[in-house]
Every structure is written in structure tokens, then in C-alpha cells.
Amino acid sequence: MTERCDLLITNVNAATMDPSIVGAYGAVEDAAVAVTGGKIVWLGPRRELPDCTPDEVIDGEGQWLTPGLIDCHTHLVYGGHRAGEFARRLGGESYEEVARSGGGIISTVRATRAASAEQLYRLSEPRLHALMSEGVTTVEIKSGYGLDLDTELKQLRTARRLAQHNPVNIVTSCLAAHALPPEYDGRPDEYIDLICEQILPAVAREQLADAVDMFCETIGFSVDQCQRVIDAAKKLDLPVKVHAEQLARTGATAMAAKAGALSVDHIEYISDADVLAMAESGTVAVLLPGAFYTLHETQVPPVEKLRGAGVCMALSTDLNPGSCPIASLRLMMNMGCNLFGLTPAEALAGVTRSAARALGLCCSRGVLRPGLRADMVLWPMDTPDLLAYEVGALKPAQIFLGGRDVTAG
Ligand SMILES: [Zn+2]
């Protein structure tokens, strides 16, 4: 008797990213992959494929299949743009100076508050499409340009609506603790009260966020203030993640690791003790080379130490209007290698397996393995090294979301 399956892809090389398979990419060459009910049900060398009757067969023509890419840190729902500030920074002003003079995040807050839900949706969708066209099948989207109850909800609802109308998985984070809104000038603790007592409970009631994020920096919130946000998130059963140590060492990473955070993001200035704390807590290091590049930073995250300690390293765009208006995860893979010293295989792990872990989704995706979602990309390439090496010309041949072909026509 033969077993049926929905889809069989044969004659492919699979970069499974499965760490239990020997080799940098967990490669299975001349493989076959069977999919049923949106999940991978079999993957292995083609010659070992058991009898099966597929509804559809795809000849992979010797191309490479990877897990769908995952962008685990974006702020892509926002109003306006900051091209004017770009010019100011090129003229010599720092990100911090621009932020302190009423620009920066607050100028995007003004534009996002002013935008209708419909305008916000229409501005955000092309950014999402740019990522999807590169084979991104899961995207995290943060709020944080509202900084008041209504606008934070508007941003998160927009993210949920993007998921309803586009073939992509979207997970959301409430980043109300992103910056101090002007109406709370000089009263940061009262704004933290608003987040903990009103914004997070409302977001949780509507199930609008899958996690809670915060900006723990000299120009953001203090460790003590962020600890209060973490405590409030825990009461609502929401996991946390932290923008940490991008501009200076603040102790944010130690706090996050202690709290069992999913990830700490940026971490250019972490100490050796912070690295060990992350290794112990299993907190993922999310590296954001696009922001490093845009801000002309010079302090690189301690990749060698993170690697040595066995900390999972994810890579993401940080897609946002200020420090990284770059909607390309593939470019981040290239930058992760060129600027931070990742290997091409680490870069691919950073946008698949490790990115899934950074979102708390490693049980369902990020690796090609039976039992996991059939989010997969077929690439016309003869080695997966090309994904980090080149930018622009290599496009997915086919993109599958839960086994369904969602390649844009
Ligand atoms: Zn960010």
C-alpha cells in the first residue's frame, strides 16, 4: 500500500539547517521532501523515499531548498519617513543629537499618530512585500510609534491585518516602551505606569501582541523602568525581548537574561559576563547590522565570544524609518558576514533556525524537518553560500507557505 501526500519535491538539495545533520547547512543532497497538511512529513535522500502517491510533484531540478526566511525584528508599520534626518546625519549630527532635538523616533510618532488605519496599512504593505519577495515567510512587527493607547493598538491591528491579507506569517510585539512621548516629558515613570496599567492589558485583551519589547538605552528607558515592563508582561503571560546595549552598556542584557527573555537585540556593548548570562538563559542574540551600518557605528557585537559560548545568533533587518530603512534580509546576511564576521552558514542560520528561536517558534519552523511547517524556499543556486555572498540578482524560484506555493507572479 502506498501513502498519499499533498506535495512531493524531488531532485533537490536541502539546506535543512537541522543541527542534528552533519555539516554547516545540515545539507541533504539529492533529496526528496514530502508535505501533507502544511507540514513536512518526510525528508531524506531521494533513493530512500518510501512509496508515496503525491497529489502534486515538483522537480527541483537540482536547485537548493531552504527553510523560509524569518525576519525576527522589524518596525515596518509606521507613518512618514525620515529622509531629512538622513541628510542631517550625513552632515555630521549623531543619531542621539537628532533624537534629542525632537527628531528621531518622536518625529515618526507624530506621523504615525496622524495616519489613518487605512493609510498606515497602505504605507506598510510594500515594505512587507519587499521582504516576502526575498523568500521571507515569517515576519515580526513591533508597535512603538504610537506611545499612546489608541495608536499602539492601531499599529498592532495593522500588523494583524497585514497577516490576514498576505501569504506570510506575522508575529507582533508591543514596543510601547520605545521612547518617551512628548506629553510625558520629564515624567518617564508615569509613562511606564500607563504602559503597565493600561496599554499592555488592553493589548493582551485583544490578543494583539505575541511578545513585549522595550528600548533599554541611555536615550530610552532605564533598567529599573524596563524591569517594571517585564514584570507587567509576565503577569499577562507574554514573553519579553529587549533592545539592549546598542549605544552603551546599561545592564539591559543581564536583566533580560535573568528574566528569561526570548532575545536581546543589537548588543554591541555587552560584556563577557553578559555573554555567559545569555548562554545560560538560552536568550538569543539578535544582530542588526543594518542599523550598525546606517548609524556609522564602530563597536561591533562580540560575535566570536557569542559563538564560543554557544549563544544562538539571529540576524534581522530592524526595518525602521530611522536607523535602518532597508527592506532586505538578504542584504543583512551579507552585512552580517562583512561587518560582523559571521560565516555564510551562520548568516543563513541567523535568518532561519535562530530567528525562529528568537520568536519562540523553534518548535514549528526555521528548520526543514518532518513535523515542522512546510515554509520553504527553492533557490536557483548551486551552493547555499550564495545567499550571503550576493545581493540583488538571486531570487527565489518558488516560495512555499505551509506547503502552498505563494511565489509572487
Ligand atoms: Zn529595533
Side-chain angles (χ1 to χ4, degrees), residues 70-82 85 95-96 98-99 103-109 112 124 127-128 131 136 138-147 152 155-156 159 170-180 209-221 226 229 239-248 250 252-253 256 261-270 283-295 297 299 301 313-329 331-332 335-336 339-340 350-351 354-355 358-359:
I70 299 172
D71 195 347
C72 66
H73 180 142
T74 87
H75 308 247
L76 69 79
V77 173
Y78 61 84
H81 61 73
R82 308 227 298 263
E85 280 174 28
Y95 184 68
E96 207 162 340
V98 170
I105 292 169
I106 294 303
S107 68
T108 300
V109 170
T112 305
S124 306
R127 301 172 191 137
L128 178 64
L131 296 174
V136 173
T138 296
V139 181
E140 186 258 14
I141 300 177
K142 303 175 193 300
S143 65
Y145 294 123
L147 312 184
E152 288 290 309
Q155 269 194 289
L156 292 168
I170 289 179
V171 295
T172 55
S173 303
C174 180
L175 178 58
H178 194 194
L180 190 63
D210 303 303
V212 172
D213 198 349
M214 58 212 75
F215 191 57
C216 191
E217 281 291 348
T218 45
I219 57 168
F221 294 98
C226 288
V229 177
V240 296
K241 53 183 70 178
V242 182
H243 282 68
E245 264 117 4
Q246 177 188 10
L247 307 169
T250 60
T253 298
L262 288 172
S263 69
V264 284
D265 303 39
H266 290 293
I267 61 164
E268 276 84 345
Y269 285 88
I270 53 171
T283 299
V284 176
V286 177
L287 308 180
L288 303 165
F292 172 89
Y293 157 85
T294 301
L295 299 181
E297 298 288 349
Q299 172 97 8
M313 293 183 280
L315 265 177
S316 173
T317 58
D318 196 10
L319 177 50
N320 77 79
S323 63
C324 194
I326 302 174
S328 172
L329 192 57
L331 178 55
M332 299 307 138
M335 286 184 179
L339 300 177
F340 291 170
V351 298
S354 302
L359 296 176

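Basis for what follows: all heavy atoms, side chains included, without hydrogens, waters or symmetry-related copies. Atoms within a ligand are numbered from 1 in the order they appear, just like the ligands themselves. The model shown is predicted, which means the values in this text are computed figures rather than measured ones.
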*Asks:* Examine D318 and say whether one of its N/O/S atoms is closer to the Zn ion (ligand 1) than 2.8 Å.
*Replies:* yes
*Asks:* Tell me which N, O or S atom of H73 sits nearest to the Zn ion (ligand 1).
*Replies:* NE2
*Asks:* With carbon and hydrogen excluded and only N/O/S kept, which atom of H75 is nearest the Zn ion (ligand 1)?
*Replies:* NE2
*Asks:* Any side-chain donor paired with an acceptor under 3.5 Å for S263 and D265?
*Replies:* yes
*Asks:* Roughly how far apart are K142 NZ and T172 OG1, rounded to 0.5 Å?
*Replies:* 10.0 Å
*Asks:* Return yes if a side-chain donor-acceptor contact under 3.5 Å exists between E85 and S107, otherwise no.
*Replies:* yes
*Asks:* Using the rule side-chain contact (heavy atoms from CB on, under 4.5 Å), only one of L329, V351, L359 pairs with I70; which is it?
*Replies:* L359
*Asks:* Looking at the Zn ion (ligand 1), is there an N, O or S atom belonging to C324 that lies under 2.8 Å away from it?
*Replies:* no
